[in-house]
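One structure is given here, and the rest of the page talks about it.
Hydrogens, waters and symmetry mates play no part in the numbers below; they use all other heavy atoms, side chains included.
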Amino acid sequence: MSETKTAADRPSSVPPATSSVDRFFKISERGSTFGREIRGGFATFFTMAYILVLNPIILGSAEDKYGHHLDTVQLTTATALVAAVMTIVMGVGGNLPLALAAGLGLNAVVAFQIAPRMSWDDAMGLVVLEGLLICVLVVTGLREAVMHAIPQPLKQAISVGIGLFIAFIGFVDAGFVSRVPDIARTTVPVQLGGTGSLAGWPVLVFCLGVLLTVGLLARKVKGAILISIVAMTVLAILVDSLADITSWGLTTPSWPDKVVGTPDFGLIGHFSLFGAFGATGVVTVVLLVFTLVLSDFFDTMGTVVGISAEAGLLDDKGDVPHLGRVLLIDGAAAVAGGAASASSATSYIESAAGVGEGARTGFSNLVTGGLFALALFLTPLLTIVPLQAAAPALVAVGFLMMTQVKHIDWDSYEIAVPAFLTIAVMPFTYSITNGIGAGFVAYVVIKTVLGKAKDVHWLLWGASALFVVYFAIDPIEQVLGVR
């Protein structure tokens, strides 16, 4: 996976399909096997299962305008349900190894920016509106047209930037890298470990996991990523039972007191589609929905391109197969997330772990979605994998995606500078959307400066203008008096 692969790169001699399921998902046609798809499905689940813990924490820790909190157990059920259903729908309808769940960043916007201005029902109604608007953009062909309008080198830069981004996520989640406290008054924003050096058993588990993962990948061992996750989880359980550990973070790797838990569907359907208009006014609602749409729109765009590129599924023009269906399902996931009070659901870049394990089709989604469905009843058991055991997969896949950087023409400033900003801004701002926005704006500006404005697709002009508004949203809100 060190090259930018397309559908044309697969062997022309395709082994015959072994079953109707094989034919439907094109497993053999894409050079995969049932074993690889199953391993990929497990790897993807274990690298994103943290959302079952983190989403309830983020949404449950906030209160709405009236001081109400969402129930943690109900949030866990809603999060697992939406992830299970929409991941399976993406697998069957989009046939991509692309899992979906409540979007990080988007849930924070809902919890800390939207909910304090209105009731939870009104806030989730805005999420539903955002998803419906995205579906309209897909049906009209605008969302797909924007993706087709992006120059191939910028698509490659998006994939590379995502590689660095998810590797950074891995380092941060494992505690290998941490944010320097503001009270330190230092110019260094991040540091090694929690105090400037590595300390504690959890970080050691992560470091051993990285070494094991890259070693197995170098040896081309089948199931390398999944083997590492399982092995490090077992090691973490042993370490936790023998050593005195203050904290593993979100997930403690210890055998739970009970394996089966009862799901609570109490939040499903609790949303008010237009209640926010009466609570805050039209201008505020428009700006809030704009923020959600733009972030969801371009996060998904980057994720779909990056995952498809790494899986070798892009066609000879660098386009994603069945893109319209994929984007429509992603928009429907946002609607489902709001309707279930789980916040907007979106495509997960952690799906790259499954691709790194060999997944090439939507069949792996059946495995990932099935595990999320099991989590409705077996959450205590399925969430014992600590981040320190799953994060090495993100670091390894980040490396694999990073290798595409060699295909960018670094001698041509009109593409090299936007590509660089795309790659750099993603991990440095912890946002795929910010990186894409920086690259788009720089691309348009440099083309204009060089007298090549006519070479820029009109959709890129429009997208860049929206990103200027996105980056300047704070002063715009102040001018409009909606803060």
What distance do [X] atom [atom1] and [Y] atom [atom2] have between them, rounded to the nearest 0.5 Å?
| X | Y | atom1 | atom2 | answer |
| --- | --- | --- | --- | --- |
| Gln74 | Asp264 | CD | CG | 4.0 Å |
| Asn107 | Thr346 | CG | OG1 | 11.0 Å |
| Tyr443 | Thr422 | OH | OG1 | 11.5 Å |
| His68 | Asp121 | NE2 | CG | 10.0 Å |
| Met48 | Leu371 | CE | CG | 11.0 Å |
| Arg39 | Ile229 | CZ | CD1 | 12.5 Å |

Quick check on [X]: does its [atom1] atom have over 12 non-hydrogen neighbours (other residues, nucleotides or ligands) under 6.0 Å away?
| X | atom1 | answer |
| --- | --- | --- |
| Phe399 | CZ | no |
| Phe467 | CZ | yes |
| Phe42 | CZ | no |

Derivation of the side chain to side chain contact (heavy atoms under 4.5 Å, CB included) call for Val136 and Thr140: CA-CA 6 Å; Val136 170; Thr140 58; 4.2 Å; yes
Could you tell me whether the side chain of [X] and the main chain of [Y] form a donor-acceptor pair under 3.5 Å?
| X | Y | result |
| --- | --- | --- |
| Ser228 | Ala224 | no |
| Asp122 | Ser272 | no |
| Thr403 | Leu400 | yes |
| Thr72 | Pro56 | no |
| Arg360 | Arg30 | no |
| Ser178 | Gly175 | no |
| Asn365 | Thr87 | yes |
| Asp64 | Trp120 | yes |
| Ser341 | His270 | yes |
| Thr77 | Pro263 | no |

Hey, does [Y] have a side-chain heavy atom less than 4.5 Å from the side chain of [X]?
| X | Y | result |
| --- | --- | --- |
| Gln388 | Val203 | no |
| Tyr348 | Ile51 | yes |
| Phe206 | Leu387 | no |
| Met86 | Ile329 | yes |
| Leu459 | Leu142 | yes |
| Leu313 | Val320 | no |
| Val285 | Leu126 | yes |
| Ile169 | Tyr430 | yes |

Thr368, Leu98, Thr303, Leu100 screened by side chain to side chain contact (heavy atoms under 4.5 Å, CB included) with Ser351, the one that passes: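 Going through the options one by one, the only one that passes is Leu98.
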Plane angle bin for Phe171 and Phe176 - parallel if under 30°, tilted between 30 and 60°, otherwise perpendicular: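 Rings of Phe176 and Phe171: tilted, 30 to 60°.
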Verdict with reasoning, Arg325 to Asp330, per salt bridge (charged side-chain N to carboxylate O under 4.0 Å, His left out): CA-CA 9 Å; Arg325 273 185 285 171; Asp330 184 84; over 6 Å; no
